[in-house]
Amino acid sequence: MEKGTIPRSTVSGGIDLRTTLQSGQSFLWNRTDGNMYAESSDDAWYYTVSDGEVVFVRQQSDRLEWRATTDAADNLRRRLRLQDDLDEIFDSFPEDVALARARDRYPGLRVIRDPFFPCLVSFICSARTTVEQIHGFQTELAREFGNPIDVDGTTYHTYPQPAQLAAVPEAQLRDLGLGFRAPYIKQTASMVTSGELTAAMVWDEPYKTVHERLQSFTGVGPKVADCVALFALGHLEAVPVDRWTRRLIETYFPDLARETYGETADAFREHFGQYAGYAQTYLFHYERS
DNA sequence: AGCCAGGCAAGTG
DNA sequence: CACTTGCATGGC
């Protein structure tokens with residue numbers, strides 16, 4: 001195992017690892033104590049399986065500490081978007097009391113960057129359920145259908161490849177409690193496997209094109225498409241409007257409330273600008289906690 | 001017991 | 001296009 005540190009001084013605006021990983025953006029991380037959403041254990045080890053290897057990371061007062069089989073520093077900087085300058089991002093927002101309060105309470109909350117396919121499946125799973133259960137689904141999918149990896153006598157699992165999920169009978173997916181989401185996952189995995197629509201086809205497109213194209217996946221509508229655009233493809237102007245976000249808009253930004261999804265998201269985006277997804281992520285977490 | 005949870009697809013008018 | 005309904009399951 002290699003190990004290393006990322007000094008907090010190199011992360012503009014700071015990093016709050018626990019809040020970032022618990023805030024319902026990514027469902028691909030776990031904690032070594034198995035209690036991902038517990039409040040205690042600020043120095044707990046978190047891990048994810050990335051490119052076939054397990055990467056462990058924990059927060060110390062003045063640094064992030066990591067362990068992996070190869071040098072994971074660059075990987076972590078990408079996954080946790082440590083290059084985002086939070087001061088610059090917040091300076092770009094119009095003055096706002098609710099948003100200032102959210103940052104005051106959760107400084108160092110960052111938008112993450114998930115791998116495309118796991119993020120896509122995660123948010124297909126997100127329909128009509130809870131953050132904790134979405135996370136449970138991803139852990140189960142990896143355990144049941146991913147490849148095992150042994151690290152120091154403990155077995156971890158890769159997230160299943162598209163072809164692996166496409167090959168799973170729908171009934172087996174339903175056995176995990178996925179319910180009506182099971183056929184959506186299977187069909188979407190098949191579409192990626194066959195090359196009908198892949199990450200490469202949307203990677204370099206502008207946000208609006210990405211948002212439209214993602215919705216041709218089964219089980220992906222405007223909200224899930226915005227989550228994938230923001231949390232996997234790095235379109236920081238994407239604004240997922242879910243029940244929580246709609247509620248907080250009606251409470252704190254009634255002038256931005258509109259009838260349809262698209263008009264509401266556009267109004268929010270025009271108000272907060274090119275980093276509107278960051279504003280949404282802070283307000284969402286603040287509203288939910 | 002009934003309602004809600006990071007929505008979406010399919011069916012109408 | 002706008003609107004309604006069904007969808008699996010679990011927790012409170």
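Note: hydrogens, waters and symmetry copies are ignored here, and every other heavy atom, side chains too, is used. Lettering follows sequence order; numbering is per chain, from 1.
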Consider the side chain of [X], meaning its heavy atoms from C-beta on, and name the nucleotide among [options] that approaches it most closely.
X: A/P222; options: B/dC8, C/dG10, B/dG7; answer: B/dC8
X: A/V131; options: B/dG6, B/dA9, C/dA8; answer: B/dG6
X: A/Q25; options: C/dA8, B/dG7, B/dG6; answer: B/dG6
X: A/D242; options: B/dC8, C/dA2, B/dG6; answer: B/dG6
X: A/F27; options: C/dA8, B/dG6, B/dG7; answer: B/dG6
X: A/F284; options: C/dA8, B/dA9, B/dG6; answer: B/dG6

Roughly how many Å apart are [M] and [N], using the [atom1] atom of each and rounding to a whole number?
N: B/dA9; M: C/dG10; atom1: C1'; value: 23 Å
N: C/dC3; M: B/dA5; atom1: C1'; value: 22 Å
N: C/dG6; M: B/dG6; atom1: P; value: 23 Å
N: B/dG11; M: C/dA8; atom1: P; value: 15 Å

**Message:** The test is salt bridge (Lys or Arg N to Asp or Glu O under 4.0 Å); show your working for A/R101 and A/D104 and say whether it passes.
**Reply:** CA-CA 5 Å; A/R101 199 172 302 154; A/D104 191 50; over 6 Å; no
For [X], which contact category applies under a 4.0 Å heavy-atom criterion: base, sugar-phosphate, or nothing?
X: A/V241; answer: nothing
X: A/G24; answer: base
X: A/Q215; answer: nothing

**Message:** I want to confirm an ordering. Mapping A/F123 and A/F217 to their closest nucleotides on DNA chain B, which one lands closer to the 5' end?
**Reply:** A/F123
**Prompt:** Hey, is A/R247 close enough to A/E250 for a salt bridge, meaning N to O under 4.0 Å?
**Reply:** no
**Asked** Got a salt bridge between A/D226 and A/K223, using NZ or NE/NH1/NH2 to carboxylate O under 4.0 Å?
**Response** no
Mind calculating the distance between [atom1] ([X]) and [atom2] ([N]) to the nearest angstrom?
X: A/I185; N: B/dA9; atom1: CD1; atom2: P; result: 13 Å
X: A/Y261; N: C/dC1; atom1: OH; atom2: P; result: 16 Å
X: A/I112; N: B/dG6; atom1: CD1; atom2: C1'; result: 13 Å
X: A/L178; N: B/dA5; atom1: CG; atom2: P; result: 20 Å
X: A/D175; N: C/dA8; atom1: CG; atom2: C1'; result: 12 Å
X: A/E132; N: C/dT9; atom1: CD; atom2: P; result: 20 Å
X: A/Y184; N: B/dG7; atom1: OH; atom2: P; result: 13 Å
X: A/Y37; N: C/dG10; atom1: OH; atom2: P; result: 18 Å

[X] vs [N]: side-chain N/O to OP1/OP2 distance below 4.0 Å:
X: A/R247; N: B/dA5; value: yes
X: A/R174; N: C/dA8; value: yes
X: A/R243; N: B/dG7; value: yes

**Prompt:** Is any side-chain N or O of A/T245 under 3.5 Å from a base N or O of B/dG6, one able to act as donor and the other as acceptor?
**Reply:** yes
**Asked** Will you find, in the side chains of A/Q25 and A/T281, an N or O donor that is under 3.5 Å from an N or O acceptor?
**Response** no
**Item:** Option passing side chain to side chain contact (heavy atoms under 4.5 Å, CB included) with A/F268 (candidates A/E263, A/Q280, A/R258, A/E237)
**Value:** A/Q280
**A/F123, A/F27, A/F116 screened by ring pair (Phe, Tyr, Trp, His ring centres under 6.0 Å) with A/F231, the one that passes** = A/F123
